[in-house]
There are 2 protein chains.
Amino acid sequence: MARDIQERIKKLIIDSRLPSGASLPTEPELMERLGVSRNSVREALKALQAMGIVEIRHGFGTYVGPMSVAPMIEGLAFRTVAGHYRGEDSLLQLLELREAVETGLIARLAGRVPEADLAELDALVARMEAEAAGAEGGVRAETDRAFHATLYRGLGNLLLGEVLEAFWDAFHKVRTDLVDVPQDPKVTCRQHREILEAVRSGDALRAEQAIREHFGNIRTRLGTPVPAEHSHRSYDR
Amino acid sequence: MARDIQERIKKLIIDSRLPSGASLPTEPELMERLGVSRNSVREALKALQAMGIVEIRHGFGTYVGPMSVAPMIEGLAFRTVAGHYRGEDSLLQLLELREAVETGLIARLAGRVPEADLAELDALVARMEAEAAGAEGGVRAETDRAFHATLYRGLGNLLLGEVLEAFWDAFHKVRTDLVDVPQDPKVTCRQHREILEAVRSGDALRAEQAIREHFGNIRTRLGTPVPAEHSHRSYDR
DNA sequence: TAGCTCAGTTGGTTAGAGCAGCTGACTCTT
DNA sequence: AAGAGTCAGCTGCTCTAACCAACTGAGCTA
């Protein structure tokens, strides 16, 4: 029945063609419209909030959510953390997911990135190099995120870009929570520049190779150069 | 504060290394351990349930969820439905997401699918052909789903497979809800067999081409044969 | 006019009561 | 003794009612 309440609220949004940010009925109004108690309404809204479908602002009201794929980050991240602590190589799997998808996409991107984006990417790599040279401990995560986000913007599919960003966020969140990753700023910069130049040149194979090398580098830094089946043994000896 | 309760329950799962299916404390126990009311506990659990982190069984107990990516289907599907009714080409974007990812993955799959999976795929295509020849109205969705799931199993990354299945499910759910898609069973069969044979032969380019054609066919049936930028104009004239 | 205060609206939290589904042990029948 | 039916108990589910906390905006004050 709780499920039913969620469905009815979703139906309300769909049927009323409510856009993101539109205000939903207040809790008392929903109580009356749906014929259930405040408690049930709130539980349904909490679930919808967790799915990013509605947004709740204390003292202000309830609104239609931004319809982003951001909520799936939390689920993915939790799954990965839980798996990691149970001895699975879930972090590596998440990285492989990113690698597989980005490797597949980079080819169709080669030579098709708009000039404006290329300029922005140039600026981002320059910033990376500045950060790498600085004493702040290497390239900031935000810069790396921006590079990947800008790179795939050229695909012209908003959903695709969001999903890729979600994967990046989940990976980054888990990585910083779990493991202390040594960074080699110079290598990171060089690889990003190579990706950019490969894409600019329009050479799909070169771009693919550049992406693969980049991810290979991250994988090495994760400390799992060998398949998971063998990685534990070394600790037993 | 509600957010805090969720975090503490997640922390409990992580710290106790609870595996999927393990039972969580009962609601009264959580009330005491977290020092909050029953209602707050329940709202937190509802949110975690929506994210697939816990599973609640009436009259039985609360358990650690299956850690699958299934919950993101609902969010994706809702987003797509809402976008569709607001006149966006969200369904096409979802299809393109699948196409982009699968096109990228099929290349690395060529020639590397285990013999057992190939046999299973053969059987699935055979079933498709039987369904296409029958009077039941074409290929069953479940058969198509099984084909794609089995195909990418060979990648050896469970997470990746789950994500692809989630995309498939979301697309299928929305498509059946929104539009009446004409099906040409014979073409569908032929394209799946071509994908299979291409992968078996180890010819990466041929496999990629086969996948692209398959998705091109679906896109055509969706009634959006031209890029989104131009698709609206034709209606204005 | 600028700033403050306060009342009203909205969501957040608590409390207590009773309902509903499931399990497992107990009892009655065969 | 074996089986089926029953019931007590746990579990989560829903409701009611009251109060707390955050935000807005109108009205008051300086």
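Every chain is numbered from 1, with letters handed out A, B, ... down the list of sequences.
DNA chain D is contacted by no residue of residues 20-29 of chain A, taking any non-hydrogen atom closer than 4.0 Å. Looking at residues 37-68 of chain B, you'll see B:Arg38, B:Arg42, B:Ile56, B:Arg57, B:His58, B:Gly59, B:Phe60, B:Gly61, B:Thr62 sit with a heavy atom under 4.0 Å from some atom of DNA chain D.
Taking the six-membered ring for Trp, A:His148 and A:His172 have ring centres at least 6.0 Å apart.
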B:Glu55 and B:Thr62: CA distance, side-chain angles, deciding distance, side chain to side chain donor-acceptor pair (under 3.5 Å) verdict
CA-CA 6 Å; B:Glu55 193 176 346; B:Thr62 306; over 6 Å; no
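Remark: B:Asp15 pairs with B:Lys11 by the side-chain hydrogen bond (donor to acceptor under 3.5 Å, both in side chains) rule, at least two apart or across chains. Residues that satisfy the side-chain hydrogen bond (donor to acceptor under 3.5 Å, both in side chains) test with B:Gln49, not counting sequence neighbours, are absent from this structure. By the side-chain contact (heavy atoms from CB on, under 4.5 Å) test, B:Ser16 pairs with B:Leu12, B:Leu18, sequence neighbours left out.
D:dC15 atom P lies 14 Å from atom CD of A:Glu32, rounded to whole Å. The CD1 atom of A:Ile9 sits 12 Å away from the P atom of C:dG11 (whole-angstrom rounding). With rounding to whole Å, B:Leu34 atom CG is found 15 Å from C:dT14 atom C1'. Between B:Met1 atom CE and D:dA21 atom C1' the separation is 12 Å, expressed in whole Å.
Sequence neighbours left out, the pairs with a member in residues 67-87 of chain B that pass side-chain hydrogen bond (donor to acceptor under 3.5 Å, both in side chains) are A:Arg3-B:Glu74, A:Lys10-B:Glu74, A:Glu162-B:Arg79, B:Arg86-B:Glu88.
Between the side chain of A:Ser23 and the backbone N or O of A:Tyr63, no donor-acceptor pair lies under 3.5 Å. Of the possible polar contacts, one joining the B:Asn157 side chain to the B:Leu160 backbone as a donor-acceptor pair under 3.5 Å is found.
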